[in-house]
Amino acid sequence: MASAATEVDVIIVGAGFSGMYMLHRLRGLGMSARVLEAGKTVGGTWYWNRYPGARVDIQSLEYSFSFSPELEQEWQWSERYAPQAELLRYAEHVADRFDLRSDMQFETRVTAAHWDDADQRWRVTTDTGTAFRARFCIMATGCLSVPTNVDFAGIGDYQGKIYRTSQWPHEGVDFTGQHVGIIGTGSSAIQSIPIIAEQAATLTVFQRTPNYSMPAHNGPIPEDAVAAWRANREAFRAQSRGTPGGFWNEASERLALETPPEERVAEYERRWQVGGFRILSAFADVPVDNAANATVAEFVAGKIREIVKDPAVADLLTPKDHPFGTKRPCVDTGYYATYNRSHVRLVDLRATPIETFTAAGIRTSGEDFAFDAVVLATGFDAMTGALDRIDIRGKGGVAMKDRWAHGPRTYLGLMVAGFPNLFTITGPGSPSVLTNMMSSIEQHVDWISDCLAHIASHQQASIEASAEAEAAWVDHVNEVAAMTLLPQANSWYMGANVPGKPRQFLPYAGGLDVYREHCAGIAARGYEGFELRSAAG
Ligand code: FAD
Ligand code: NAP
């Protein structure tokens, strides 16, 4: 039987980094809050994605909270790109250090959130039967927290083991001596393939679309770099905040098409040697001009040809259907070189598609494969997936899913017209997944906190995005995306990886620096585009 609803000021859904920091800030405002989380502990992404090789693709010194200087001084990252276990330890440490768990409820999935216009409260229900009434509801449900529903024919008949990268067994998996297949060549696959190949007797990679990947050149962070960071952390953080990506990436104003070819290649080479995303910002015209973009695409293709000994395999691994950077590029350790190992094989699903799973393994149009285990690295219903799975109803009982039937509509990625007092952290229409997510999360949480403080100090009862401001923002998000090459790819940024999902560029491509200023200006002008109402209406 459902229990009586518990009353709190704010319900936060999700205990990843977004939910954790949001709770911390609400405590500072003296508001009561409860975090509801489906998983068993904090960490979100880093709780669920435990596949071999899982680690950040933004350097850890920047992919970490900046809100507490003390936290920063006491935490030491072991590597430039921290692995999942360390990120989860970090999340646990933050939860303990700020005593967050006492207001968190784990193994609790939020199933519905309904706005009650009469008493101006959200009614939030869960799969455990616990229910809540809250003035505010904050969705910290994650951009990449719901795996796609891949529905391969015959998958139920397969007798071997199936593992999803995003729901990896906590005890780990030992592939030693096994014949393993993996479907997908996105970031999750590209990180795990070299490590699975170390263990498995054979590894067969089923690739539908090749991705661009850059070497991480991972390793311990040099001591002098840590010392410099500690001594100047505020300056480093300020520098990151002033960038479009929320991390310092040596952005250049130079144009690839106006740079002599040898100089251009030398610049790409220098940045390739630094590793990670550094090559992305080598020239300002690469994200917006196909001819400029082709210069870096050709450079990376050359790298693939250099590393992969079999020219046919190298060719298959070279992306041809999308400009560089229009799908999230991957950052790897030894990915391309793994294909030089005799027990690793690449299968081109464009030439020979998967027809069905069989009892023994996978049948493509060309061949039958037998596997002890198959790994699904098939991605996420990004940005809208977690919100779509909650029955969210705003004013007049209107379902968010229906409002978004033709694609998500938000104001700033923060609020939705008709859904008062409901915030989305890194929601669709915000820079989010195009950035260092830690920077975007902090910016959103800080903005929401300031907004709630404003509402309290002005004795307002509710805030809601106006339909006009929302429509203008949606247009702006689309216009900015159209100025770039980003919409040219069939990417999850476009919703293209989920059958039936409306095609719309989901994040805001204008840059976190520009967006941050925009959000600050809106707040400074009395929350322009938002309707604030007192209890009397
Ligand atoms: P999440 O960490 O996704 O947390 C959301 C939480 O909400 C989850 O724990 C989920 O269980 C919970 N939840 C969702 N729906 C419900 C519900 N209905 N009821 C209860 N609980 C619910 N970003 C970067 O910037 N750099 C990286 O290197 C990077 N690497 C990544 C690697 C992987 C494998 C993945 C999947 C993503 C990566 N990201 C990266 C993006 C990453 O998701 C963010 O960096 C960040 O961790 C998001 O934090 P979050 O709290 O917003 O969301
Ligand atoms: P992804 O990038 O969406 O990759 C999914 C892969 O599965 C793609 O290669 C896709 O092919 C393939 N696929 C999906 N459905 C398929 C099907 N039915 N048949 C055959 N192949 C299929 O997902 P992801 O690798 O999990 O990464 C998602 C995002 O999470 C990343 O872009 C990144 O933002 C984040 N992430 C970051 C890191 C990191 O380095 N820190 C690691 C993992 C994830 P198509 O391309 O043809 O659709």
Side-chain angles (χ1 to χ4, degrees), residues 12-22 35-39 41-51 53-60 62-63 81-82 84 87 91 105-113 124 126-127 139-148 150-152 164-166 182-192 206-211 213 216 245-247 276 319 321-322 327-332 349-350 353-354 376-380 382 385-387 389-390 425-426 432-441 444-445 489-493 496-499:
I12 301 168
V13 188
F17 288 133
S18 296
M20 294 170 69
Y21 181 41
M22 193 70 245
V35 178
L36 304 174
E37 165 59 54
T41 183
V42 293
T45 290
W46 307 106
Y47 167 79
W48 296 106
N49 292 267
R50 298 167 185 244
Y51 60 85
R55 60 178 68 247
V56 272
D57 56 12
I58 304 270
Q59 298 198 43
S60 300
E62 290 184 89
Y63 185 88
Y81 298 93
Q84 170 272 330
L87 287 148
Q105 193 170 313
F106 297 107
E107 297 183 84
T108 303
R109 184 170 289 282
V110 170
T111 49
V124 177
T126 70
D127 64 353
M139 295 297 176
T141 44
C143 294
L144 295 159
S145 56
V146 175
T148 47
V150 276
D151 198 11
F152 291 104
R164 275 182 180 277
T165 48
S166 52
I182 179 165
I183 302 177
T185 48
S187 297
S188 301
I190 281 176
Q191 288 188 326
S192 53
F206 293 92
Q207 170 184 276
R208 193 163 64 183
T209 316
N211 260 303
S213 189
F247 68 109
D321 74 334
H322 64 280
K327 283 184 158 193
R328 173 127 177 156
C330 309
V331 175
D332 71 276
L349 294 182
R350 300 269 175 207
I354 292 176
L376 300 179
T378 41
F380 298 88
L387 297 168
R389 279 158 183 78
I390 302 172
I425 301 180
T426 66
S432 58
V433 291
L434 296 177
T435 70
N436 169 5
M437 285 285 281
M438 283 301 229
S439 303
S440 283
I441 288 169
H444 261 194
V445 169
N490 284 321
S491 64
W492 60 257
Y493 295 150
N497 65 330
V498 176

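Note that ligands are numbered from 1 as they come in the structure, with each ligand's atoms numbered from 1 the same way.
- Remark: ligand 1 and Thr45 share an N or O pair separated by less than 3.5 Å (distance only, no angle test).
- Proximity of Cys330 to ligand 2, defined as any heavy-atom pair under 4.0 Å, is not found for any part of the residue.
- The nearest pair of heavy atoms linking Ala140 to Ile12 is CB-CG2, 4.0 Å.
- In this structure, the protein non-hydrogen atom closest to atom 9 (O) of ligand 2 is Thr185 N, 2.9 Å.
- With hydrogens left out, the protein atom closest to atom 45 (O) of ligand 1 is Tyr63 OH, 2.6 Å, a heavy atom.
- Residue Gln191 touches ligand 2 through its side chain alone, judged by heavy-atom distances below 4.0 Å.
- By the 4.0 Å heavy-atom criterion, Cys143 is excluded from the residues contacting ligand 1.
- Ligand 1 has no N or O atom lying under 3.5 Å from any N or O atom of Gly14, backbone or side chain.
- With respect to Gln84, the side chain to side chain contact (heavy atoms under 4.5 Å, CB included) criterion is satisfied by exactly one of Tyr47, Trp46, Trp48: Trp46.
- Here Phe380 has side-chain heavy atoms under 4.0 Å from ligand 2, and that is the only part of it that gets that close.
- Checking atom 39 (N) of ligand 1 against the protein gives no heavy-atom contact under 4.0 Å.
- Within ligand 1, the atoms closer than 4.0 Å to a non-hydrogen atom of Ser145 are 3 (O), numbered from 1 in the order shown.
- Summarising the contacts of atom 29 (C) of ligand 1 with Trp48, Trp46, Phe247, the nearest heavy atom is found in Trp46.
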